[in-house]
S.K.: 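Questions regarding the structure given below will be posed in turn.
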Amino acid sequence: MPKTSARLLSLLSLLQARRDWPGALLAERLEVSPRTVRRDVDRLRELGYPIVTTKGPDGGYRLDAGARLPPLLFDDDQAVALAIALQTATGAGIEEAAKRALQTVRQVMPARLRHRVDALSFTAVEHPAPSADPQTLVALSAAVRAREVLRFDYAPTDTPPRRVEPHHLVTWGQRWYLVAWDIDREDWRIFRADRITPRTPTGPRFAERGLSDVAAFVAAKFRGTDLSGEWPCRGEVILRLPATEAASYLADGVVEALGPDRCRVSLGAWSWRGLAASFGRVDADLEVVGPAELAEAFQQLAARYAEAGRVSAEPCPPTRPSTSSDRAGPSR
């Protein structure tokens with residue numbers, strides 16, 4: 001039989017792994033008697049773990065939520081995953097709290113796990129966008145969960161408070177957004193959370209509306225397409241390039257091989273000039289198949305690029321001689 005301390009840790013790990021545990025199954029997994037399980041449960045309760053006894057033929061135990069956070073037990077993979085997640089936590093105003101939590105987790109890790117966590121070294125090249133206020137996120141999430149009408153001021157407009165039925169709180173492009181049914185405009189809307197100032201109290205409860213795939217809805221809105229996922233502008237060109245090579249440049253298009261060095265590509269975008277620019281980023285000769293709007297967009301871009309090239313080709317004004325102050329490096 002394992003020592004009491006090791007057995008308690010094993011029992012706690014099992015209780016955290018699933019919601020309900022029959023007492024007999026716990027005894028079998030720990031290779032002890034049901035009476036020993038009852039004593040170990042009492043010891044965990046004395047340590048602050050809110051373990052509830054369930055009644056019935058398969059009566060057993062459940063680790064319940066308590067008034068305070070008791071010590072938690074993680075296996076190796078969970079501990080490493082938690083540490084990595086804390087290192088990358090951004091966008092909700094929790095960066096400093098995440099750093100402190102990471103220090104706490106790392107401090108109690110065995111050396112073998114610290115080495116695994118420290119091996120993950122990265123540099124954040126893209127700075128996160130302004131984060132939303134955590135209290136605002138909590139208020140929005142609470143309204144979503146309670147299905148209660150929400151009133152809020154939306155910066156920078158001076159319009160009357162918006163009235164919405166909040167359905168989802170989502171992240172996109174390092175920002176938080178509220179997906180809601182706008183009551184006054186009778187349509188779905190997406191609101192930036194960092195521009196929302198909730199008003200209290202919330203309104204009456206509402207029935208859930210049909211928005212089956214919120215991820216597809218948000219993606220379509222930001223791409224400028226409808227819920228079917230279709231772009232407002234779609235065209236075809238023939239590229240003088242092997243199909244496999246074209247697919248590597250235009251992964252979001254449909255590529256059809258026409259020969260060893262030619263292929264037909266169908267692609268969509270939010271505007272005709274944007275679509276032409278997408279095709280133009282491929283370093284290959286091309287021929288427009290259609291529609292006429294795409295050919296016209298190529299002509300407009302050609303004129304724009306020609307003008308930009310003409311201006312750039314003009315001689316630059318002479319530069320003044322450099323001085324010692326110019327070579328001094330960045331100011332401090």
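Below, each value reflects all heavy atoms present in this structure, side chains not excepted, and no hydrogens, waters or symmetry copies.
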S.K.: Taking ring-ring contact (aromatic ring centres under 6.0 Å, His included) as the definition, give me every residue that meets it alongside W272, ordered by chain and number, with sequence neighbours left out.
M.R.: none

S.K.: Please say yes or no: joined through hydrophobic side-chain contacts below 4.5 Å, possibly via intermediate residues, are L301 and L239 part of one cluster?
M.R.: no

S.K.: Is there a side-chain contact between T53 and R45 (heavy atoms, below 4.5 Å)?
M.R.: yes

S.K.: Give a yes or no on whether the backbone of A146 and the side-chain of R205 come within a donor-acceptor separation of less than 3.5 Å.
M.R.: yes

S.K.: Quick check on R273: does its CZ atom have over 12 non-hydrogen neighbours (other residues, nucleotides or ligands) under 6.0 Å away?
M.R.: no

S.K.: Once you round to the nearest 0.5 Å, how far does CG of L14 lie from OH of Y61?
M.R.: 13.5 Å

S.K.: With the threshold set at 4.0 Å, does a side-chain nitrogen-carboxylate oxygen contact exist between R185 and D187?
M.R.: no

S.K.: How far does OG1 of T36 sit from CG of L30, to the nearest 0.5 angstrom?
M.R.: 9.5 Å

S.K.: Are V237 and L267 close enough that some pair of their side-chain heavy atoms sits under 4.5 Å apart?
M.R.: no

S.K.: Are V289 and L286 linked, directly or through intermediate hydrophobic residues, by side-chain heavy-atom contacts shorter than 4.5 Å (ILVMFWY only)?
M.R.: no

S.K.: Would the number of heavy atoms belonging to other residues, nucleotides or ligands and lying under 6.0 Å from CZ of R281 be above 12?
M.R.: yes

S.K.: Roughly how far apart are D285 CG and R240 CZ, rounded to 0.5 Å?
M.R.: 6.0 Å

S.K.: Going by heavy atoms in the side chains, are V144 and L178 under 4.5 Å from each other?
M.R.: yes

S.K.: Treat each ILVMFWY residue as a node, draw an edge where side-chain heavy atoms are under 4.5 Å apart, and state whether L25 and V37 are in one component.
M.R.: yes

S.K.: Less than 4.5 Å apart, side chain to side chain, heavy atoms only: is that true for L250 and F279?
M.R.: yes

S.K.: Is there side-chain contact between W181 and V164, with heavy atoms separated by less than 4.5 Å?
M.R.: no

S.K.: Would you say the side-chain atoms of T202 pair up with the backbone N or O of L150, donor to acceptor, closer than 3.5 Å?
M.R.: no

S.K.: Test: ring-ring contact (aromatic ring centres under 6.0 Å, His included). Region: residues 142-161. Which pairs qualify, not counting sequence neighbours?
M.R.: F152-F191, Y154-F191

S.K.: Please confirm whether the backbone N or O of D153 pairs with a side-chain atom of R199, one donor and one acceptor, at under 3.5 Å?
M.R.: no

S.K.: Under a 4.5 Å cut-off applied to non-hydrogen side-chain atoms, are R7 and R43 in contact?
M.R.: yes

S.K.: How many angstroms lie between atom CZ of R145 and atom CG of L169, to the nearest 0.5 angstrom?
M.R.: 11.5 Å

S.K.: Any non-hydrogen side-chain atom of L63 less than 4.5 Å from a side-chain atom of L44?
M.R.: no

S.K.: Look at R39 together with D42 and state whether they make a salt bridge at an N to O cut-off of under 4.0 Å.
M.R.: no

S.K.: Do any N or O atoms from the side chain of W176 and from the backbone of L137 form a donor-acceptor pair under 3.5 angstrom?
M.R.: no

S.K.: Rounded to the nearest 0.5 Å, how far apart are OG1 of T197 and CZ of R162?
M.R.: 13.0 Å

S.K.: Drop me the distance from T244's OG1 to L241's CG, to the nearest 0.5 angstrom.
M.R.: 8.0 Å

S.K.: Mind checking whether I190 and V170 have side chains closer than 4.5 Å, heavy atoms only?
M.R.: no

